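Residue numbers begin at 1 in each chain, while the letters A, B, ... track the order of the sequences. In this text the structure is predicted, and so the values were computed from the model without any measurement.
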Amino acid sequence: MRISKQKHRKAERIELVRLKREQREQTLCFSSRPFVLCGLPVRQLPKGQLLYERRNGHFVLQVTGHPDYGVPFGQDRMVPIFLATLAVQQQSRTIRFRSASEMLETFGMNKGGKEYRRLVAAFERTFGATIFFGTDTLTSKAKIVHRARFNFFSEARVWYNRANEDCVLGERYENVIVLSDEFFEEVTAHPIPTDLEAVKLLSSAPAVLDLFVWLSYRCFTAGAKERIPIFGPFGLVQQLGAVEYGRLRKFREKLQQWLSAIRRVWPECPAKLDGDGMYLWVDHATAIQPVVPSVAE
DNA sequence: ATGAAAGACCGATGCTAGGA
DNA sequence: TCCTAGCATCGGTCTTTCAT
């Protein structure tokens with residue numbers, strides 16, 4: 001049997017993810033609740049569609065895309081992760097990073113011209129988008145909506161929109177993004193640690209990535225066995241960023257495949273479909289192992 | 001037993017990401 | 001810049017399950 005180079009490389013990276021987990025040497029990055037509880041679209045939305053809504057229980061995420069750039073999708077989900085990670089690390093609304101290649105490097109992506117262009121497009125879509133994230137609770141009579149509407153940043157000086165201004169030779173550029181209060185508050189109040197090595201590995205499989213990040217969070221917070229509906233208004237179909245399938249069983253089939261992809265990087269993941277395929281069972285588990293206190297060196 | 005619905009498997013397609 | 005591999009999606013179809 002022939003193994004492609006890509007497959008081989010992937011297998012090695014899977015091995016690395018597992019090894020680092022076992023040895024408790026994981027590197028962390030951070031995500032944020034809006035994008036853990038609800039998924040951005042996996043594929044580009046049809047032309048002209050600028051509004052996207054997902055739901056997780058009573059949490060609702062609405063993303064409104066900029067008319068020129070559209071709604072973020074696919075690999076764009078790395079941008080909020082990158083921003084959240086920097087916000088947590090730097091503990092400041094004002095985050096700085098040296099270069100675009102720093103982000104590409106962080107997530108193990110190539111650094112060709114194509115990748116830079118893709119990254120710029122991802123930033124444009126993300127920064128152009130407006131986010132609504134909040135809860136709606138159905139009380140006896142009225143539907144009460146608590147929502148925060150925000151952009152990701154209030155100010156940005158980044159490489160691609162800085163053409164010619166203050167280009168003093170020899171001065172080192174720094175990319176500066178001032179996160180909006182809302183996003184910064186959200187991220188610092190609820191940072192969601194995630195295994196960076198796994199995120200890198202799954203960066204080209206957006207649907208699997210979302211499910212993995214959510215499951216590692218969901219299993220961590222689960223006290224015991226819990227049952228999550230797959231269909232219906234509070235089901236996974238409303239949460240994940242996949243399209244609405246013509247055949248319901250397609251979604252279930254896909255879910256199975258995504259779960260087995262997750263088990264390859266996280267064999268102990270307890271998530272399982274039940275016999276009827278109407279529910280996903282989760283249980284307490286930790287995709288992120290606490291760091292072993294290191295012996296004095 | 002029979003038909004309907006769901007599951008499992010296959011291959012094609014359009015698009016994206018990775019690699020040389 | 002070009003070619004290949006991979007991902008999400010869709011439709012086809014055979015098999016299994018299940019209620020009648």
Side-chain angles (χ1 to χ4, degrees), chain A residues 1-17 35 38-49 52 54 63 65 69-82 100-101 103-126 196-215 229-232 235-266 272-281:
Chain A
M1 172 160 166
R2 256 193 357 268
I3 306 262
S4 72
K5 239 179 206 165
Q6 266 184 65
K7 273 213 165 65
H8 190 264
R9 206 172 120 74
K10 193 171 172 184
E12 281 180 349
R13 293 172 85 172
I14 289 176
E15 200 51 42
L16 182 67
V17 171
F35 305 104
C38 302
L40 288 171
V42 165
R43 307 283 289 266
Q44 188 156 25
L45 295 179
K47 253 203 165 357
Q49 187 184 340
Y52 192 73
R54 297 278 86 182
V63 183
Y69 307 120
V71 176
F73 69 95
Q75 212 176 46
D76 295 358
R77 50 194 18 79
M78 306 303 279
V79 175
I81 295 178
F82 185 61
S101 79
M103 170 167 169
L104 293 172
E105 205 156 296
T106 302
F107 295 113
M109 295 146 113
N110 283 347
K111 290 194 274 188
K114 199 175 33 176
E115 282 76 13
Y116 281 94
R117 279 193 298 279
R118 198 184 289 155
L119 190 61
V120 169
F123 268 89
E124 284 175 339
R125 280 188 291 268
T126 307
L196 175 63
E197 217 57 55
V199 170
K200 274 165 134 169
L201 175 68
L202 299 175
S203 64
S204 57
V208 183
L209 174 64
D210 276 0
L211 193 61
F212 171 79
V213 173
W214 172 70
L215 272 177
I230 292 174
F231 300 103
L236 285 177
V237 263
Q238 303 297 323
Q239 168 191 337
L240 302 175
V243 298
E244 199 176 319
Y245 291 91
R247 294 192 284 198
L248 285 185
R249 56 209 164 105
K250 276 288 175 193
F251 181 74
R252 192 178 290 136
E253 188 181 350
K254 210 58 211 167
L255 206 51
Q256 293 272 28
Q257 290 171 21
W258 291 334
L259 284 173
S260 61
I262 287 170
R263 273 190 287 270
R264 283 198 282 276
V265 296
W266 182 24
K272 243 200 307 228
L273 291 180
D274 77 347
D276 290 340
M278 297 308 284
Y279 295 94
L280 181 75
W281 285 94

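Residues satisfying the side-chain hydrogen bond (donor to acceptor under 3.5 Å, both in side chains) test with A/S101, not counting sequence neighbours, are A/S99.
Screening A/L196, A/V208, A/V265 for a side chain to side chain contact (heavy atoms under 4.5 Å, CB included) involving A/L201 leaves a single residue, A/V265.
Between the side chain of A/K7 and the base of C/dG6 there is no donor-acceptor pair of N/O atoms closer than 3.5 Å. Checked by distance alone, A/K250 brings no side-chain donor or acceptor within 3.5 Å of a matching partner on the base of B/dG7. Evaluation of atom-type donor-acceptor distances gives a pair under 3.5 Å for the side chain of A/R247 against the base of C/dT13.
The interatomic distance linking A/I230 (CD1) with B/dA6 (P) rounds to 14 Å, in whole Å. The distance between atom CZ of A/R264 and atom P of C/dG6, rounded to the nearest whole Å, is 12 Å. Atom-to-atom, NE2 of A/H8 to P of B/dA20 comes out at 13 Å; the value is rounded to the nearest Å. For the pair A/R249 CZ and C/dC10 C1', the interatomic distance rounds to 12 Å; values are reported in whole Å. Atom CG in A/L209 sits about 10 Å away from atom P in C/dA8, given to the nearest Å. Rounded to whole Å, the distance from CG on A/L211 to C1' on C/dA8 is 14 Å. The nearest whole Å value for the distance from the CG atom in A/L202 to the C1' atom in B/dG18 is 15 Å. Summarising the geometry, the separation between CZ on A/F231 and P on B/dG7 is reported as 8 Å, rounded to the nearest angstrom.
Ranked by how close their nearest DNA chain C nucleotide is to the 5' end, A/R117 and A/K10 are led by A/R117. Mapping A/G108 and A/R43 onto DNA chain B by nearest heavy atom places A/R43 closer to the 5' end of the strand.
A heavy-atom distance below 4.5 Å is not found between the side chains of A/N110 and A/L104.
Residues A/G277 and A/F231 approach most closely at O-CE1, 3.9 Å, considering heavy atoms. The minimum heavy-atom distance linking A/V63 with A/P72 is given by the pair CG1-CD, 4.0 Å.
In terms of phosphate contacts, A/R118 brings a side-chain nitrogen or oxygen within less than 4.0 Å of OP1 or OP2 of B/dA17. An OP1 or OP2 oxygen of B/dG19 is reached within less than 4.0 angstrom by a side-chain nitrogen or oxygen of A/N110. Between A/Y245 and C/dC10 there is no side-chain polar atom (N or O) within less than 4.0 angstrom of OP1 or OP2. Between A/Q44 and B/dC15 there is no side-chain polar atom (N or O) within less than 4.0 angstrom of OP1 or OP2. Look at A/Q75 and you'll find a side-chain N or O under 4.0 angstrom from OP1 or OP2 of B/dA17.
Expressed to the nearest 0.5 Å, how far CE of A/M78 lies from CG of A/L202 amounts to 9.0 Å.
The stretch residues 252-261 of chain A touches DNA chain B through A/R252, A/E253, each having a heavy atom within less than 4.0 Å of the strand.
Side chain of A/V42, nearest nucleotide from C/dA8, B/dA17, B/dT16: C/dA8. In the set B/dA17, B/dG19, C/dT9, B/dA17 carries the atom at the smallest distance from any side-chain atom of A/S204.
A salt bridge links A/K200 with A/E197: at least one charged nitrogen is closer than 4.0 Å to a carboxylate oxygen.
Taking the six-membered ring for Trp and thresholds of 30 and 60 degrees, A/F82 and A/F107 have ring planes more than 60 degrees apart, a perpendicular arrangement.
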